[in-house]
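A short worksheet on the structure shown next.
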2 protein chains.
Amino acid sequence: MERETVIKKRDAVATRAAILAAAHQRFLRESYDSVGLRDIAGAAGVDVALISRYFGGKEGLFREVVSHEDKPKVFREPKSVAELPGYLARLVIDDADEDREQRMEMFIIMLRSASSPKASEIIRDLVHLDVLGPLTELIGGEQAELRANMLLAILMGVGVVRTIMMVDDFAGSDADVAECTERFRCLFAAALTC
Amino acid sequence: MERETVIKKRDAVATRAAILAAAHQRFLRESYDSVGLRDIAGAAGVDVALISRYFGGKEGLFREVVSHEDKPKVFREPKSVAELPGYLARLVIDDADEDREQRMEMFIIMLRSASSPKASEIIRDLVHLDVLGPLTELIGGEQAELRANMLLAILMGVGVVRTIMMVDDFAGSDADVAECTERFRCLFAAALTC
DNA sequence: CGTTCAAGTCAACAGGTGTTGATTTAGTTT
DNA sequence: AAACTAAATCAACACCTGTTGACTTGAACG
């Protein structure tokens with residue numbers, strides 16, 4: 001029963017996954033420059049050299065962490081503009097849903113490293129391709145791009161204030177979760193119709 | 001006439017200011033970890049050692065850049081909740097006003113380095129003290145803190161999307177500046193009343 | 001059983017980081 | 001003009017970074 005976890009089973013894809021998981025965890029909490037490869041390797045229980053060997057370097061590892069995540073694409077779920085505000089509100093507030101939690105984690109990782117020169121290009125491409133693109137297409141109309149930018153801004157802003165500024169009073173003590181979700185739904189709707 | 005600019009006039013406060021200005025400029029464009037002291041010193045035209053000497057190290061320099069800026073405090077200008085949305089909208093859109101530009105720069109600097117462990121504490125303190133505090137006090141009421149957080153989130157989000165994600169389509173080509181300002185005024189108002 | 005080849009480890013590198021002490025320079029004071 | 005003091009420089013320091021090549025280990029295959 002413990003053979004999978006304790007004993008090292010010389011499996012390339014397994015250690016690759018272990019490195020990827022450890023990297024995800026670190027990049028979630030610090031910026032691209034802050035986290036060291038030796039830290040990641042230590043958390044994954046492997047040697048540092050393997051990272052440069054498997055991913056071609058730190059940059060390649062980061063690219064694979066943020067892009068190759070085989071989780072479902074972020075903005076494919078909502079089918080119409082009408083249900084978009086509600087969907088985004090639940091995405092922001094409801095941390096019970098594990099799937100949404102993972103999608104939000106992607107945003108945090110991107111935010112954390114967005115100011116590191118080497119990581120910023122990777123992130124910008126990803127944002128335009130996976131977020132802004134589908135979002136603009138879904139909204140439609142002549143000012144779709146502007147609307148998408150505003151929604152992304154709110155999304156990013158909440159992420160910043162919550163996880164980086166360490167302020168988590170949105171679904172706080174007295175406020176009900178449902179009430180708070182409604183509040184954000186209203187805010188997203190305002191960004192779309194203002 | 002060129003004695004002040006070209007000839008080095010062995011002035012401690014002048015070089016201190018030069019270092020501070022150069023540091024401000026660098027921290028505005030990269031993160032705390034990315035920026036090197038030798039780069040700052042080179043831009044200021046002084047030796048690296050002077051930085052650690054005058055500011056007690058990189059951390060001290062950063063703290064002085066973000067806090068000791070003798071510019072007017074960010075959220076003292078608006079007098080009532082009613083004029084808050086308009087004020088914030090102008091703060092975000094109107095980049096002609098140099099004073100507002102400087103206030104927005106502070107936000108960008110804080111955003112850029114917010115994910116670097118050493119800088120994050122400094123920034124969190126500053127945000128709570130200089131932004132969230134006055135904002136909450138101005139809003140008033142039982143949910144003032146929540147409202148302030150939402151406003152800060154939008155503010156930060158726009159900053160992220162604009163300068164880090166390199167998306168600047170808010171006051172873009174076809175949209176008029178006045179029209180866009182009104183849009184953001186409406187959004188901030190929604191965040192306050194939702 | 002012995003060979004083979006990938007998986008993993010070790011050690012070292014070249015470059016960059018922030019920081020410190022000793023030293024020199026320039027401006028002011030007596 | 002000589003002495004003094006603060007300002008600025010130089011050189012070197014440990015330390016840490018990502019990366020690379022040579023090496024060793026392990027397991028599967030003939």
Side-chain angles (χ1 to χ4, degrees), chain A residues 3-23 26-27 29-65 112-113 115-122, chain B residues 3-23 26-27 29-65 112-113 115-122:
Chain A
R3 292 193 58 187
E4 291 84 5
T5 56
V6 177
I7 305 227
K8 294 303 198 59
K9 287 252 310 153
R10 271 192 175 247
D11 186 353
V13 302
T15 55
R16 237 188 91 102
I19 293 173
L20 225 47
R26 305 285 151 164
F27 284 134
R29 278 166 180 76
E30 289 182 21
S31 75
Y32 179 85
D33 305 289
S34 297
V35 308
L37 290 189
R38 282 172 176 80
D39 184 20
I40 297 178
V46 299
D47 194 89
V48 209
L50 279 189
I51 297 183
S52 289
R53 176 143 311 184
Y54 281 162
F55 301 93
K58 189 180 187 179
E59 207 168 328
L61 172 64
F62 182 78
R63 176 175 278 111
E64 195 130 337
V65 166
R112 285 235 127 98
S113 301
S115 290
S116 303
K118 291 175 187 171
S120 62
E121 316 170 23
I122 303 174
Chain B
R3 293 193 58 189
E4 293 84 6
T5 55
V6 176
I7 304 230
K8 293 303 200 57
K9 288 248 315 147
R10 273 194 176 245
D11 187 353
V13 304
T15 55
R16 236 187 93 102
I19 293 173
L20 226 47
R26 305 285 153 165
F27 285 134
R29 277 164 180 77
E30 289 183 22
S31 76
Y32 179 84
D33 305 289
S34 300
V35 177
L37 290 188
R38 281 171 177 82
D39 184 22
I40 296 177
V46 299
D47 194 90
V48 208
L50 280 188
I51 297 183
S52 288
R53 177 143 307 187
Y54 281 161
F55 301 94
K58 187 180 187 179
E59 207 169 328
L61 172 63
F62 183 78
R63 176 175 278 112
E64 194 130 337
V65 166
R112 284 236 127 97
S113 302
S115 290
S116 302
K118 291 176 185 169
S120 63
E121 315 169 26
I122 304 173

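Just the heavy atoms: all of them, side chains too, but no hydrogens, waters or symmetry mates, feed the values below. We name chains A, B, ... by the order of the sequence lines, and we start the count at 1 in each one.
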Exercise. For the side chain of Lys118(A) and the backbone of Lys58(A), is there at least one donor-acceptor N/O pair under 3.5 Å apart?
Worked result: no
Seminar exercise, completed: Nearest-nucleotide check on DNA chain D, Ser34(A) vs Leu50(A); residue mapping nearer the 5' end is Ser34(A)
Problem set entry | Among dT9(D), dA7(D), dT9(C), the one nearest Ala49(A) by side-chain distance | dT9(C)
Exercise. NA contact type, Phe55(A), heavy-atom cut-off 4.0 Å: base, sugar-phosphate, or nothing?
Worked result: nothing
Exercise. Looking just at side-chain N and O atoms, do Ser113(B) and Ser116(B) make a donor-acceptor pair shorter than 3.5 Å?
Worked result: no
Exercise. Looking at Thr15(A), does any N or O in its side chain come under 4.0 Å of the phosphate oxygens OP1/OP2 on dG8(C)?
Worked result: yes
For this session: May I have the distance from Asp11(B) (atom CG) to dA7(D) (atom C1'), rounded to whole angstrom?
Result: 10 Å
Problem set entry | Distance-only donor-acceptor test, Arg38(B) side-chain atoms vs dG16(C) base atoms, 3.5 Å | no
Problem set entry | Atom-pair distance (CD1 on Ile19(A); P on dT19(D)), nearest Å | 13 Å
Problem set entry | Closest approach of Ile19(B) to Tyr54(B) (non-hydrogen atoms, all atoms of both residues) | CD1-CD1, 4.2 Å
For this session: Describe the nucleic acid contact of Val35(B) in one word from base, sugar-phosphate, nothing, applying a heavy-atom distance below 4.0 Å.
Result: sugar-phosphate
Exercise. What nucleotide among dT9(C), dA22(C), dA26(C) has an atom nearest to a side-chain atom of Arg10(B)?
Worked result: dA26(C)
Exercise. Quick one: on DNA chain D, does Asp33(A) or Arg53(A) contact a more 5' nucleotide (nearest heavy atom)?
Worked result: Asp33(A)
Problem set entry | Closest listed nucleotide, where the reference is the side chain of Val48(A) and the choices are dG21(C), dT19(D), dA7(D) | dT19(D)
Exercise. Any idea which heavy atoms bring Phe27(A) and Tyr32(A) closest together, and the distance?
Worked result: CE2-CA, 4.0 Å
